[in-house]
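Labels below follow one simple rule: chain letters A, B, ... track the order of the sequence lines, proteins then strands, and each chain is numbered from 1.
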Amino acid sequence: MRIFEIHTLHRRFRVIPFLTFLLTAGMATAAQADLFTIPSSSPQSFQEIQQVVTQAIPAYLTRAQCGGWNDTESVKGAIATVTGAPGKKGDPLGNVQSGMARRIEDGGTKDDGFQFPDTVIGKTTACKPDTPEVTVHVWCEGKKPTDRSCTKKEPSPLFKDPYACLYPGPKQPPLTEKICQEFCDWLNTDEWQYTDCRNPVPDAFDNSDPPKPTHWTCGDDPDHPQKKWVCTGQWVKNPPAENPNCRPYPNDNVKECRGQECRCPGPGCLKAPNDNLYQSFFRKYAITTSRGGIEEVPNDALKKVSAEAACYGFYDEFDPKTRRTKPEKDERCILNVKDPFDPAKLVDTQKGKGAFTMNPPPPDPLPEPRNPNFNKDTDLWYQNLGSALSFLSLPVFDGNLSDAFLTPDTAELLSSTQGGPWKPLGRDGTLRAVDDTVSNGKKDLIETGTGGGRGGGRPFTRWWQQFQTDAHRLFTPATVHLRLPAAWAFSLEPLHPVAISLEQGALDPRMQAIDVQLQATDDLPGILSTYLQQTALLPMREEPVPVVVPLGEPSEFRAYAQRWMEWKANRFFLGKFVPPQADQLIATLLSYAVQIEEVRSLRADLPGILGGIATKQKDLLTTVAQWMLTNAQQYGVFLNVARVRMELQQQWQTIAQSYAQFADGANLPWCRNDRFTTPVYSLLDPWYPGRPDLGGGLPSCERNIQSLPMLCVPSADRDFVYDLSMLRASTGSLQIPVLKPLQVRLAIPTPGPAIQDIADPQAILLPDLPPVPDIRQAFLAFAPTASVGEAGATVSTPPLVDLPQMKAALAGAQTIIDGMRQRYDAFWKSLISDDDTKRLQCMGYGQQKCVHVEMDLLERFTRIVARPAVLLREDFEAYGIPRVPLPSRSDPGNVDKRKDATCWSEDHACSDLPPERALGKDGWQTTLQRDGNARAIIDGLRRGGRRYTVQDDGTAANPPLPSTAPLPKILPHFDVPDPTDLSPPR
Amino acid sequence: MRRFALASIVLLILFPAMSLRASAAGTLTPADLCRVQLQTRLGKEQRLERRMLFGLLPAKDAPEGTTRTDEAGNTWIKTGENHWASNGKELADIAMDAIVERDPLSTIATPFRRGIFETKGVLTSELVPSLTQTFRALSCRVRAVCDAATRAVHGERPGGAGIYLIQTPGCRIIPVAALPACTFIPNVPKELTIDFGTAADIAASCEPAANQLLDREAQLLTLAVTYDAAERSLLQLAGNFDQFTLLFSTDLLHPIEQSMTLIEQLSRIPCFLAQCNA
């Protein structure tokens, strides 16, 4: 039952770490398999998908070398036991939650857990480095035999640590055991002996009885002076004594240091008679490892391994956890793994896969079908395929899409939530990574949420997760969403069709057909601006205003006047009477000639009215334009800030690739699983900052080589949703009066022959021309003015990104990851057998293969022979605290539970999405006031136009226009069209 | 909905050619009187045709400024609420309704009607037969008037009740009231009847005038039908579309907007695969 539970719980996330395991190649070195890519991002049929899922992917997985799981097998016994190497042991399952072994830090000679093997063989010397001469105590002439208080300076062999074996010289590397033996031999030459008197004999006595000697002299054979070793003060014996300058004495007469004796300087030192310690400068370890195998890997070549390690330089005991190792000083050991060590062969022998499918797969824990009563003969919408979509049921759909649109189902989109234990979808975090920064502090055993206690809890992994999360946030800048009315997307706005084509090159194909406004180009604000401006202006409707105006040319009236003047002159000539009305008529005609010009001004009426209307609506246009300008500028800033951020992405990709190369390449030379091995702290140097502290220093946004870098992404990023979907075309139309002038010819009386008298002089009088009607002022006085409500909200400025800080942080991360990769790469490459390793010759500390630190050889070997890469039972217990989602705020009982919620921001899967600032649906609409004012204004204008010609009682205006057409003929011109209403009856 | 009123302009454009310049002194000759009567008849036919197309509202519903013609040929204009005026005479709405000119051939008692173009709920194509028929009727009637004038100037007496029964080619028999001013009466002084020369002139000029009238009406009818077709199509589309966008917005766009937000957020989920770092 428990197994099934684990399968279900971890089903989702299993795939991810396993892909890492399954990517091991069959090639010699760190090449990894090609990533599986899905052939087509937009499959054309379900069969294509089926082929990929059921055939291509399993075939790819089958080719993998290792991976998979075996829930029944235990890790116990699969972690190696190493003997013969110094270091600290670990309890593999002592700190399961951390993913590494618990380092045993008690017991042993110093009660710090440090183990020093008894099988080591080495060379020690009592001579001190860097000492060209020593002061030795010798017997002086005349002193008592026991009195060695005289001192003399004697030359001491000069050699320097750490390359002591290269002296005298220094010679060039390599350092080998043979060279160290030669060094030892050199220390034991008689160059480094001094003469002392072994047998002082008295040669003068006092007068006491028995006589006491008062003066001694040396009684040694002057041909055979007695020598002492310079460094130990011990007599040179032949055969050699126990304490020559260097052990072993030539010809191996004096034994080398063995076991704890080689642990010097330290607790195991041998002392020379002059209290000098025999410090070891060369140690050779014989190391054996042994562990159990696993069933899936029958040919496991790393179950029993034997190796030798040679460490040069004076013994320096320290704890790599608390002291930072330096390559030029501490990387002094070279390993020779027997038989011989060939990673290419290990790739084959360590192959083996566990299970990687579940057969049968567990049931799909999706919710119940939404519509259990679906009837395929009557229901149009099928809602049971998934929890979000609905499909048209073909038998019922007879091709009439309007029906489908008019009977939409309420399709609500729900995403499956990661709920509580009753809904086990992706409950947990990922399995623990192997991390050499794990330590044994009390705090480390427990995850403390907000990274409390950076010294514990796998600081490197947590830093890397946080860094990735921050990088992800950095490279998803905020976006501006613009939602436009539905009619736009279909270019169906009747008056102003705007064609918006679907984005073809969208970054994510899932977004292509749905949201055309995402990834908006620069054109969209321009289109929007045009549309808004056109929409803001009301369409206009013409209302005819008939007027009657006289027709005539000034020259015509002057011609008439001229005729009358001629007639007058003729009358005078004939001596006839000229009635005074003739003069009046002439004056009137001349005034007509002037006033008729004014009729032309009527032409300017319509443009004048339109201009006046436009001026009144100017506020609308300037408001829209100003809003658009502000938004366009802000939008430009938005785009620019986003672009600047995205420029850094290349650098980030390099870093991520470097990490991937480390995880799948440099640190995975063959299929192996490092979980539950002891952390090797010396592998953290020199790339890990803040050493010897394991916490990586105090990360900060400042560039600081003493701490892990942090990408400090601005937290005030906000998506901005500007919703114009309620934008409506303006309703109503503005009624504009348009003059419909009727020009009538004037009836101008003409004179008859001069000889003929005028019968009725009064009849020839003409009235003054009526003034030209001016409707422009009258209309504009009453025309509606535009008043603008609130301007819409504008896009807010995004927070700026500190680009130099980002770059510096990324550069710092690159340095760290590259350093890590090089370090581990050197570690693994140093195991490959060649001449250097076979002869255990070190080409220099930290050089080539001589890269191992002596103090954790035990841990290193535990790591080298780690078990194959199949996940066993306890591997699954190394996971983080399950995410407890945040309960809702609305339930008051949940307030306390919120502080237990664990979806921390450094958790890669918990990355927060930027909040969204969505304003309410917004838009503009121009509306006319609903009073009947327009109607009354137009009627008034018409009445005024009519009254120039016709009074209210149907008679001609006073004075009447002397037109040739009689009034009844003119009257029909004033007809007004009837209103016609074609809207359908309600 | 408003239509442009084209009638008044047409009248005055068409007929000044035949109108008389009112000279400072002078009465109208019989020929002038005949022409005036002819114009009046033709004008009435045109007004009746327009009434058929656009309708006639009762006086109280007509907007201010509406002009009507009575049986006598006088033009009345509505100058205010319940106030019609013509050359000094004033009437109320009800009285105006009583005297408005009527179609002598109509069998319906009331002259008030909805116009063909005011028919609701039909497409313009469905109106075309009625419009065509109206125009044909106009064509028959104006030719009948010209025919009656020709008969009158040639001295033919009308039939009973002063009616000529005219049948022009392609039309049915139309009773046309007599034109007294155009009737040639033999053996009366010249001042009281038209003379033969003028008769020929009148007879010959009625035909072109009628043709011109018909041509013009045809063109204006085409214009009106085009406008009507556009108007009705837009109405039909607008009504359906309003409904569509409302439903579309609430029922279909809303889930799409939700999915928009959701899918856009999907792209923000970090990619765990090394493939994404490449």
Could you work out, with side chain to side chain donor-acceptor pair (under 3.5 Å) as the rule, every residue matching B:Thr134, not counting sequence neighbours?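 Here no residue qualifies.
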For A:Arg943, all residues meeting side chain to side chain donor-acceptor pair (under 3.5 Å), sequence neighbours excluded: B:Glu64
Do you know the tightest heavy-atom contact between [X] and [Y]?
| X | Y | result |
| --- | --- | --- |
| A:Leu971 | B:Thr75 | CD1-O, 3.4 Å |
| B:Thr67 | A:Phe974 | CG2-C, 4.4 Å |
| B:Pro63 | A:Pro977 | CG-O, 4.1 Å |

Just to verify, what does B:Glu45 make a side chain to side chain contact (heavy atoms under 4.5 Å, CB included) with, not counting sequence neighbours? B:Leu48, B:Leu138, B:Arg141, B:Val142, B:Val145
What residues of residues 80-88 of chain B make heavy-atom contacts with chain A at a cutoff under 4.5 angstrom?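 Within residues 80-88 of chain B, near chain A: B:His83, B:Ala85, B:Ser86, B:Asn87, B:Gly88.
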Of the backbone (N, CA, C, O) and the side chain (C-beta and beyond), which part of A:Gln649 lies under 4.5 Å from a heavy atom of chain B, both, or neither? neither
Report which part of B:Thr69 has an atom under 4.5 Å of a heavy atom belonging to chain A: side chain, backbone, both, or neither.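 Contact with chain A is absent: no heavy atom of B:Thr69 under 4.5 Å.
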Distance (rounded to the nearest 0.5 Å) between [X] [atom1] and [Y] [atom2]:
| X | Y | atom1 | atom2 | result |
| --- | --- | --- | --- | --- |
| A:Thr949 | B:Ile77 | OG1 | CD1 | 9.5 Å |
| B:Glu90 | A:Thr955 | CD | OG1 | 8.5 Å |
| B:Arg47 | A:Asp975 | CZ | CG | 10.5 Å |
| A:Arg946 | B:Lys78 | CZ | NZ | 11.5 Å |

Looking at B:Leu123, I want to see if its CG is surrounded by more than 12 non-hydrogen atoms of other residues, nucleotides or ligands under 6.0 Å.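 Enclosed.
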Within the 4.5 Å heavy-atom criterion, are A:Asp953 and B:Thr79 side-chain neighbours or not?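 No, too far: nothing below the 4.5 Å cut-off.
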